[in-house]
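Step one of this worksheet: look at the structure below.
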Amino acid sequence: MRMPRDVSVLRITPPADLVLKTAVCSYGYFKLAPNRWDEASQAYHTIVRSGDEQLINVAVTQPSQALRVTCRPGVWRTDAVNVRRQLSRILRLDEDFSAFHKRHAGAKRAGFGRLIRSATLFEDIVKTMTVCNVAWANSVRMNELLCEHFGDGGFPTPSQLAGSRADAVKRKCKVGYRAAWIVRLARDVAAGKFDVAWFEDTQRDGDESFDRLRIIHGVGPYAANNICMLLGHYDRLAIDTETYRHFKQVHQVDTAGRDAQLHRRIERHYEKYRPYQYLAYWYELWHGYGDRFVAEDTR
DNA sequence: GGTAGACCTGGACGC
DNA sequence: GCGTCCAGGTCTACC
């Protein structure tokens, strides 16, 4: 049997408007394991899987327009296809943002729009569960521990978590009450009761996806809207306390209003960007953070 | 449909 | 040190 080399280098030709750092660092999930951005080398690091077993350490840089992908260990053709497919999902290489950029000059200038996501929808859902109702540092820790204890370094697969007890996940990963939700979802995905592929169909309607996501135990209105955004449905705003804070501060809104009123006001404000309301909102937030978004461990 | 309280965790803060 | 509060919510029971 031929053994793979220690290192393989792949080359990916991305869409012309892709700026690697902007795509990676414009959404907080780039700080959640197994993701990492190395500012010194301007490299995005992650760990992907080829099949359920093989873990591949990946480093992506953009020395020219093309992406340079370094894989350790080296990969053969089938594994290379898997690496390319997963990076395509992570960096949204198949999405076209030209219509959004026509409406938003600032986002166009910044090359903004490709918000990083995970290699799989399962990982996106679990990551969303770990960022709810918790300080950011805790979310970082939960994802590190999930990778360490249940994913052998990579993000755990549904089958890896499905065979685990919720109390073990809770104890080892410090995820608290989220453990039961995570294990339940993993079991449903592994058993085929929750069809992940259904959501990946680009023709799906955002409302339809939202309704199905809400069936998942642990996915409320905020989480479902956030996951819809990750699926490419940008016409839905994941409104949370951070949105309220941002809106009150940036748009000088009277803080005496009730949340429901503020919620409607926020939706009206971004309506002009339909169907890209979320991107317009997130651009404001990201632009306001500036380099702090990359440098700090808080959002 | 709207609201209140419980739920894990860990850091920040006041005492 | 210790208690309390809070963070990019969700669920359940109750009205």
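Chain letters run A, B, ... following the sequence lines, proteins first and then strands; every chain starts at 1. Any value given below was found using the heavy atoms of this structure, including those in side chains, with hydrogens, waters and symmetry copies removed.
Closest to the side chain of Ala135(A), out of dG9(C), dA7(C), dC11(C), is dA7(C). Residue Arg178(A) has its side chain nearest to dC8(B) when only dT10(C), dC8(B), dT12(C) are considered. In this structure, the nucleotide among dC8(B), dC11(C), dG10(B) sitting nearest to the side chain of Asn138(A) is dG10(B). In the set dG10(B), dG9(C), dT12(C), the nucleotide with an atom closest to the side chain of Tyr177(A) is dG9(C).
Summarising the geometry, the separation between CG on Asn133(A) and P on dA6(B) is reported as 14 Å, rounded to the nearest angstrom. Computed from coordinates, the Ile182(A) CD1 to dT9(B) C1' distance equals 13 Å when rounded to whole Å. In this structure, Trp181(A) atom CH2 and dT9(B) atom C1' are separated by 13 Å, rounded to whole Å. The CE atom of Met129(A) sits 22 Å away from the P atom of dA7(C) (whole-angstrom rounding). Distance CD (Glu144(A)) to P (dT9(B)): 17 Å, rounded to an integer number of Å. Going from atom CG of Leu237(A) over to atom P of dG9(C) covers 15 Å, rounded to whole Å. What separates CD1 of Ile125(A) from P of dT10(C) is a distance of 13 Å, to the nearest Å. Here dG9(C) presents its P atom at 12 Å from CH2 of Trp136(A), a figure rounded to the nearest Å.
Note: Tyr234(A) and Phe97(A) have tilted aromatic rings, judged against thresholds of 30 and 60 degrees for the angle between ring planes.
Contact annotation for Arg214(A): backbone-only contact, meaning every heavy-atom pair under 4.0 Å involves sugar-phosphate atoms and none involves a base. Counting any heavy atom pair closer than 4.0 Å across all strands shown, Ile216(A) reaches sugar-phosphate atoms only and no base atom. Note on Ala238(A): nothing from the nucleic acid sits closer than 4.0 angstrom, heavy atoms only.
Across dC8(B) and dC2(C), the matching P atoms stand 24 Å from one another, rounded to whole Å.
Checking side-chain atoms of Arg92(A) against main-chain N and O of Arg114(A) turns up no donor-acceptor pair under 3.5 Å.
Looking at Tyr29(A) and Thr128(A), their side chains do bring a donor and an acceptor atom within 3.5 Å of each other. For Arg85(A) and Asn82(A), the side-chain atoms include at least one donor-acceptor pair closer than 3.5 Å.
With a 6.0 Å cutoff to the six-membered ring centre and a 45° limit on the axis angle, Arg236(A) counts as a cation-pi contact of Phe210(A).
Base pairing of dC8(B): no nucleotide in any strand meets the Watson-Crick or G-U wobble criterion (both distances under 3.5 Å).
Residues Thr243(A) and Val219(A) each lie close to DNA chain C; by heavy-atom proximity, the contact nearer the 5' end of the strand is made by Thr243(A).
For Arg141(A) and dG10(B), the shortest distance from a side-chain N or O to OP1 or OP2 is below 4.0 Å. Phosphate contact (OP1/OP2 of dT12(C), side-chain N/O of His217(A), threshold under 4.0 Å): present.
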